Every structure is written in structure tokens, then in C-alpha cells.
S.K.: 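Got a structure here, written out as C-alpha cells. Questions coming.
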Amino acid sequence: MAPLFSWGAKESHRGTPVVVKMENPNWSMVELEGPSDEDLIIGGGGEHSSRAGEKRRGKNAKQLTWVLLLKAHKAAGCLASVAPALYVLASAVKRRVASGRTDEDADSGGRENENPTVKSRFYSFIKVFLWLSVALLCFEIAAYLKGWHLGSPSLQLEFYLLWSPSFGVKDFFDWLYSRWVLVRVEYLAPPLQFLANVCIILFIIQSFDRLLLCLGCFWIRFKKIKPIPKDAPLDLESGEKGYFPMVLVQIPMCNEKEVYQQSIAAVCNLDWPKSKLLIQVLDDSDDPTTQLLIKEEVQKWQHEGANIFYRHRVIRDGYKAGNLKSAMNCSYVKDYEFVAIFDADFQPTPDFLKRTVPHFKDNEELALVQARWSFVNKDENLLTRLQNINLSFHFEVEQQVNGIFINFFGFNGTAGVWRIKALNDAGGWLERTTVEDMDIAVRAYLHGWKFIFLNDVECQCELPESYEAYRKQQHRWHSGPMQLFRLCLPDIIRAKISIWKKFNMIFLFFLLRKLILPFYSFTLFCIILPMTMFVPEAELPFWVVCYIPATMSFLNILPAPRAFPFIVPYLLFENTMSVTKFNAMISGLFQLGSAYEWVVTKKSGRSSEGDLVSLIEKGPKPQRGSSEPDLEEMKEEMRRQEQKAAKKKKHNRIYMKELALAFLLLTAATRSLLSAQGIHFYFLLFQGISFLLVGLDLIGEQVD
């Protein structure tokens with residue numbers, strides 16, 4: 001059978017124009033070929049030529065008929081699959097609304113402990129804006145029905161005609177609407193247009209910065225630039241060729257019973273001389289069952305010969321920073337030169353240390369070697385796919401470019417190796433913010449230390465699968481940098497570094513990428529754009545709404561090319577998350593609400609199949625001092641308790657701020673129809689639907 005498309009292939013045989021196999025109730029096309037030589041006879045032969053032409057037309061008509069029927073059948077199949085999907089979506093919405101659980105509930109467990117006053121003010125502002133937009137929409141519809149067609153292109157002309165001396169006001173409504181138009185033109189449009197222009201300028205600057213980062217990443221790939229460690233001599237103790245200094249490994253964790261086993265097993269299987277490796281399991285759990293399980297796991301690996309210790313703090317001062325600081329105060333730490341840090345859900349490969357630590361050899365200015373994250377659950381649902389796009393760009397573009405060209409980037413808090421001397425020189429771990437990793441990186445950079453990012457060294461971990469967990473994580477990640485900026489700004493100004501490094505730290509690292517990005521994203525697309533629909537005298541160019549966001553989304557998705565079909569959902573979701581990021585940024589900048597609250601991101605305990613097999617093969621034997629059946633019974637009891645707790649606590653909820661913004665944007669989309677603003681209507685419509693799906697918690701993990 002010939003292929004359906006055979007451009008550039010040799011023609012080996014002639015065949016019938018089309019062969020269709022009928023299978024009740026479906027049709028499927030088996031073969032479609034080009035016309036034969038007889039069909040291509042154009043002249044010569046008179047009657048014969050005429051008969052050939054009629055025959056050819058008949059064959060072409062049959063081909064077209066069958067192709068159209070097959071296309072229609074395929075389209076019908078696609079439409080048939082839409083109905084079940086819509087039914088499932090409607091059922092989920094019905095369950096969500098019927099449950100009545102919202103992010104305002106007092107029994108929401110691990111939600112952000114925001115200051116009620118701050119939280120209610122932000123939500124009240126959105127609600128007032130929503131009701132005002134609904135009232136204005138009704139007013140505008142009534143005016144439109146009475147003949148006031150004030151589209152933005154001809155608005156000024158109609159306005160002058162409206163207020164010409166010859167114009168007479170017919171009734172009270174006309175008078176009232178004419179006054180409203182005057183207020184818009186004289187008082188509302190100028191400041192709104194000014195604010196829009198400011199946000200557009202910030203948008204362009206931030207887009208230019210992103211473009212430069214992408215060009216830097218392209219240059220790195222084109223030139224094949226990567227950090228290369230120096231060759232190391234033969235190690236006398238281990239008998240291997242390599243650089244084997246004393247390395248301390250720390251695994252901070254807190255109530256993470258889903259992932260403690262895989263992280264401890266992965267670290268204990270690191271390929272490094274045991275005499276030069278010490279593992280600290282830093283357990284801040286307040287659940288006695290979790291503490292016992294982690295302690296049992298550590299004891300099993302000790303029995304196997306691993307140099308591993310269990311540490312538990314009764315008082316969790318300083319959260320993760322306090323935990324790491326307490327562990328570094330142990331007397332035996334002074335014997336170690338480097339410290340590798342892995343969060344509880346991270347699973348380093350056995351050769352992790354061999355691929356990272358050698359970069360420190362003969363490089364006394366190097367403080368940190370950071371590895372890239374990879375995700376075992378990136379294809380779990382739409383939310384994890386969108387997170388993978390974001391973090392792929394962060395690591396492959398932002399971290400790699402900054403590491404290659406300026407030797408500085410923010411420490412990601414895990415999957416990195418620090419020189420202990422650099423940690424001490426920078427002042428050690430501090431509990432003053434919720435981003436202790438960024439804090440120590442900034443202080444080390446101000447002391448003259450350099451960083452290296454390894455894009456080809458990956459460490460597996462998990463992505464939050466529920467929107468609730470992701471929302472809390474993003475709140476901490478965007479409030480912490482603003483806290484740090486307030487605290488570090490005087491130190492940056494006084495630091496003995498070049499003006500260019502100060503400019504990079506203040507403007508690019510903090511202001512542009514941590515403050516301006518969430519500010520203009522929320523203000524421009526969630527506030528100003530809807531307002532311009534009700535105040536059409538202030539305009540946003542269509543290229544701001546369409547071309548630049550699409551281009552930036554395309555650049556963001558390049559490091560994850562398999563996610564290209566999700567480019568539109570990614571663009572809409574990023575704007576949807578701007579409300580959380582903006583709220584977090586304001587909280588951190590002005591020390592409001594939950595800026596200092598640490599919420600541990602929930603884990604599901606997923607692991608790749610290959611890792612599970614390898615860990616089972618290398619797993620420790622049962623310890624003589626404990627009964628294996630008793631331990632299994634205890635674990636089974638813990639699982640039953642977890643299932644009971646999940647039935648009580650784990651559920652989807654409605655997020656009121658996102659839902660209010662959804663109705664606000666949909667209201668503005670309806671208003672845009674009166675002004676015939678096509679591209680603005682579609683953007684507001686789809687962005688409103690995105691807010692609606694997120695507000696109803698339909699984007700992440702679904703709990704029955």
C-alpha cells in the first residue's frame with residue numbers, strides 16, 4: 001500500500017484513485033493515490049480525449065466526495081467526545097458548588113494564615129470593582145440600545161458633536177450619559193492611560209530582558225559552553241581517580257512521611273567513599289508516628305553501614321533555616337569541607353557528588369554548585385505540565401545564563417553543594433525570611449563568592465499536583481524575595497562590588513524579575529485592560545494584548561518543546577496566577593499578612609519506576625533488633641490513618657478572589673462587544689474562563 005503522503009518518494013506503481021473500506025458503522029480510508037497517466041491526457045484524439053476528460057472529472061468528483069465524507073466522520077467523532085468532557089466538567093462544577101468549601105473556610109487546614117484584615121481588603125477591592133463593572137455594563141447596554149454607539153476610534157469626534165452648542169438633550173438618560181462621557185474623557189481616561197503607558201513600558205523592558213536571556217541561552221548552546229571540572233589525580237584511600245573531599249549531606253524534612261524513604265535511600269546510595277561522607281536527616285516533624293518511621297529508616301541504613309545520623313528539634317524556630325543552622329552547629333561539622341542539601345522529595349543519582357564536587361577543585365572562589373531539577377510527575381495533570389514549562393525555562397535559561405555570564409543566581413534551596421567556608425563567611429543560615437536559600441546566595445555574592453549551574457546534572461523531585469499546594473508554594477516564593485530586598489538593599493549599596501554588579505542585583509535580580517513582573521502582569525491584564533472597556537478613551541494597543549504575550553510565551557516554552565500544545569493555556573494560567581503573586585509581593589514588601597508564614601508543600605510520594613526498582617535491589621536488610629512484621633503492621637496502620645485523614649481534610653475548594661476576577665473579566669468582555677474590540681474581547685473571554693476554571697479548582701488534582 002502506498003503512503004498517504006509520499007513527497008520526494010519514487011513512484012513505483014500505478015493504482016486506483018481511491019480505495020475505501022466500509023466498516024459498519026465506521027469508515028476508514030485505506031489508500032489514496034494520484035491519477036494514472038491516462039488521467040493526465042490533455043489533448044490528441046478528439047472523442048477519446050473528451051471521454052478521458054469526463055472520466056477524469058468523474059474520478060476526481062468521487063475522490064472529493066469520499067474525502068469530504070471521511071473528514072465529516074472524523075469531525076463528528078471529535079464532536080462526540082466533547083459531550084462527555086462537558087458532562088464531566090459540569091459534574092465537577094456541580095460538586096464544587098454543592099460542597100461550598102472555599103479558601104475562606106476556617107477549617108481549611110494548611111491554608112495561608114493571612115491577616116484577616118489584609119485578606120478581606122484585597123478581596124473587598126476586587127468585589128467592589130466587580131459590582132461597579134456590572135452596574136456600568138447595564139448602563140452601557142441601555143445607552144447602546146438608545147443609539148449611543150461610542151466605539152473608541154470615533155469617540156472623540158462624537159464627543160465634540162455631543163457637546164456642540166447645537167446639540168439638545170432629549171431626556172434625563174441622555175443628559176446623564178453625556179455627563180458620564182464627559183467625566184470619562186476629562187477625569188478618568190488621562191490617569192488610566194498614564195498608568196497603562198507605565199505598565200506597557202515595564203512590560204516591554206521585562207520582555208526585552210527575557211529576550212536577552214533567551215539569546216544568551218542560544219549562544220551557550222551554539223558554542224556548547226558548559227562548566228568543566230579539572231582532572232583529578234588518583235585518590236590514595238579509595239584507589240579511584242577523582243577528587244574526594246569530606247562531604248556532609250543534609251536532608252531537612254517536616255511531616256513528610258510520603259517521601260522520606262525514597263530520599264534517604266537515594267542519598268545513602270551516593271557513590272562516594274563512606275569514610276568521607278556523613279548524612280544528616282534533619283527531622284522537624286511534630287507527628288510522633290512520622291518521627292518513629294524516619295528514625296527506624298535511619299537505623300536500618302546505619303545497620304547497612306551508611307554513615308547516617310538522625311536529628312530532631314523539639315522547637316521549630318526558624319523553620320528550614322533554623323533546622324539547617326542548628327545542624328551546622330554540630331561539633332563534627334568542622335571536619336567537613338562541603339555540604340550537599342536535598343529536600344525530602346529529592347532523589348539524587350548515585351553519581352551526583354562525582355559530577356558536582358570536582359568543580360570545586362583548584363577553584364577557591366567557588367561557593368556553590370547548583371544542579372537542575374527534573375520532575376517525576378510532570379505529566380500528571382494540566383497543572384504539573386504548566387509548572388514544568390515554567391521551571392524548565394527557569395533552569396535552562398535563567399539559571400544557566402546567569403551562571404555562565406555573571407557567576408550568580410539564586411540558590412534553589414536544594415540539589416546544590418555549598419563550600420562550608422563560604423556559608424560561614426556569608427554569616428550562615430538566617431531565619432529572617434521565608435527564602436533562606438536566596439538570602440544566603442545574595443550575602444555570599446556580596447562577599448565575592450561565585451556560583452556554577454550545571455544544566456546537565458539533574459535531580460528528580462515532585463511538583464505540587466493540587467492548586468492549593470501550588471498556590472501556597474508560589475505565595476512563599478514571591479513574598480520572601482520582597483522581604484529580602486527590604487533587608488538587603490542597604491548591604492547591596494554598601495558592598496564593595498562593582499557598579500554593574502549592584503545594578504544587576506538591585507534592578508534585574510530583585511526589581512525587574514521579582515517585583516515588576518507580578519506587578520504589571522496583574523495590573524495590566526486584570527485591572528487596566530477591563531477598565532479600558534468601560535473607559536474606551538484609554539486604549540491598550542492590540543500588540544500589547546496579543547503579539548508580545550504570545551511571543552514571550554513561545555520563548556518560555558522553548559526549553560520544554562513537548563509542551564508546545566499547551567502554549568495558550570500556559571499564557572492564560574500565568575496571568576491567572578498573577579493575583580496570587582501580586583498579593584504575595586505586596587505582603588512581603590510591606591510586611592503584611594502571611595509574609596512570614598512557612599507552609600510545607602504537600603508531597604504525594606511519587607517516584608520513577610526505574611528508581612523504585614534500583615532502590616528495592618539495593619535496599620537494606622531487616623535490622624535484627626526490630627521485628628519486620630511489626631514494622632510493616634505499623635506502616636499499614638499509618639496508611640489507614642492517612643486515608644482516614646485524607647477523607648476528612650483533602651478536598652477541592654472554591655477560590656473567591658479568582659472567581660471574582662473571572663466574572664469581572666467576563667463582564668468586561670461583554671462590554672467590549674459594544675465597542676467592537678475583537679482581539680480584546682477574545683483575550684478577556686479566554687482569560688475570564690481561565691480564572692473561572694482556577695477559581696473552581698478544576699485545573700489540578702481532583703478529589704472525589
Side-chain angles (χ1 to χ4, degrees), residues 227 245-250 252 280 282 317-343 356-357 359-361 363-371 399 402-403 406-454 476-477 480-506 508-510 513-514 588 596 598:
M246 301 287 285
V247 177
L248 174 69
V249 179
Q250 296 178 330
Q280 290 180 317
L282 311 178
D317 289 338
Y319 303 109
K320 181 180 177 181
N323 198 0
L324 294 173
K325 182 179 180 180
S326 174
M328 293 299 293
N329 289 331
C330 295
S331 58
Y332 52 79
V333 171
K334 67 179 183 297
D335 299 328
Y336 292 82
E337 189 175 355
F338 303 102
V339 55
I341 302 173
F342 301 100
D343 282 351
T356 54
V357 174
H359 288 272
F360 290 97
K361 180 176 171 55
N363 193 353
E364 296 299 325
E365 295 181 341
L366 182 61
L368 167 67
V369 175
Q370 172 72 59
Q399 297 290 76
N402 289 327
I406 62 177
N407 297 120
F408 169 73
F409 47 83
F411 174 45
N412 293 117
T414 178
V417 182
W418 276 92
R419 189 188 296 272
I420 294 180
K421 180 181 177 182
L423 286 177
N424 297 331
D425 185 47
W429 299 103
L430 299 180
E431 309 97 326
R432 56 182 182 173
T433 70
T434 58
V435 284
E436 74 295 326
D437 45 10
M438 186 181 295
D439 188 359
I440 189 65
V442 169
R443 287 184 281 117
Y445 183 65
L446 295 179
H447 281 76
W449 292 95
K450 296 181 179 180
F451 306 157
I452 284 180
F453 177 77
L454 302 179
R476 186 178 80 246
W477 285 5
M482 291 298 97
Q483 306 170 32
L484 183 61
F485 178 65
R486 294 178 64 259
L487 297 171
C488 283
L489 183 59
D491 296 333
I492 297 174
I493 296 175
R494 293 193 300 262
K496 296 179 180 180
I497 57 178
S498 65
I499 298 297
W500 154 247
K501 290 184 177 181
K502 292 182 180 181
F503 172 81
N504 172 71
M505 181 76 70
I506 296 175
L508 295 179
F509 185 76
F510 278 113
R513 298 167 188 166
K514 302 298 189 294
Y596 291 93
W598 180 285

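The first residue of the sequence shown is numbered 1, and numbering continues consecutively from there. In this text the structure is predicted, and so the values were computed from the model without any measurement.
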S.K.: Can you check side chain to side chain contact (heavy atoms under 4.5 Å, CB included) on D439 and D437, steps first, answer last?
M.R.: CA-CA 5 Å; D439 188 359; D437 45 10; over 6 Å; no
S.K.: How close do E436 and A321 get, counting heavy atoms only, and between which atoms?
M.R.: CB-CB, 3.5 Å
S.K.: Please check this pair: side chain of N323 against backbone of L282, looking for a donor-acceptor N/O pair closer than 3.5 Å.
M.R.: yes
S.K.: May I have the step-by-step check of side chain to side chain contact (heavy atoms under 4.5 Å, CB included) for K514 and M482, ending in yes or no?
M.R.: CA-CA 7 Å; K514 302 298 189 294; M482 291 298 97; 3.6 Å; yes
S.K.: Looking only at non-hydrogen atoms, find the nearest pair between F411 and I440 and report the distance.
M.R.: CD2-CG2, 4.4 Å
S.K.: Work out which heavy atom in L508 is nearest to a heavy atom in W500; give both atom names and the distance.
M.R.: CD1-CH2, 4.3 Å
S.K.: Dump the intermediate steps for side chain to side chain contact (heavy atoms under 4.5 Å, CB included) on M438 and T433, then the final yes or no.
M.R.: CA-CA 9 Å; M438 186 181 295; T433 70; over 6 Å; no
S.K.: Can you list everything that forms a ring-ring contact (aromatic ring centres under 6.0 Å, His included) with F408? Sequence neighbours excluded, please.
M.R.: Y445, F451, F509
S.K.: For a 4.5 angstrom cut-off between non-hydrogen side-chain atoms, does L484 reach F510?
M.R.: yes
S.K.: Could you tell me if E365 and N407 have a donor-acceptor pair between their side chains, going purely by distance under 3.5 Å?
M.R.: no
S.K.: D425: what forms a salt bridge (Lys or Arg N to Asp or Glu O under 4.0 Å) with it, not counting sequence neighbours?
M.R.: none
S.K.: Specify the closest pair of heavy atoms between N363 and R419, including all atoms of both residues, with the distance to one decimal.
M.R.: O-NH2, 2.8 Å
S.K.: What pair of heavy atoms forms the shortest contact from H359 to V369, and how long is it?
M.R.: CB-CG2, 4.0 Å
S.K.: Give, for atom CD1 of I452 and atom CD of Q399, the distance between the pair rounded to the nearest 0.5 Å.
M.R.: 13.5 Å
S.K.: Mind telling me whether F453 and F409 have parallel, tilted or perpendicular rings, with 30° and 60° as the class edges?
M.R.: perpendicular
S.K.: Counting only pairs under 3.5 Å, give me each side-chain donor-acceptor contact of residues 327-343, with atom names and distances, residues two or more places apart or in other chains.
M.R.:
| unit_1 | atom_1 | unit_2 | atom_2 | d |
| --- | --- | --- | --- | --- |
| N329 | ND2 | K325 | O | 3.2 |
| Y332 | OH | Q280 | NE2 | 2.8 |
| K334 | NZ | S331 | O | 3.0 |
| D343 | OD1 | K320 | NZ | 2.8 |

S.K.: Heavy atoms only: give me the nearest P252-L324 pair and the separation to one decimal.
M.R.: CG-CD2, 4.2 Å
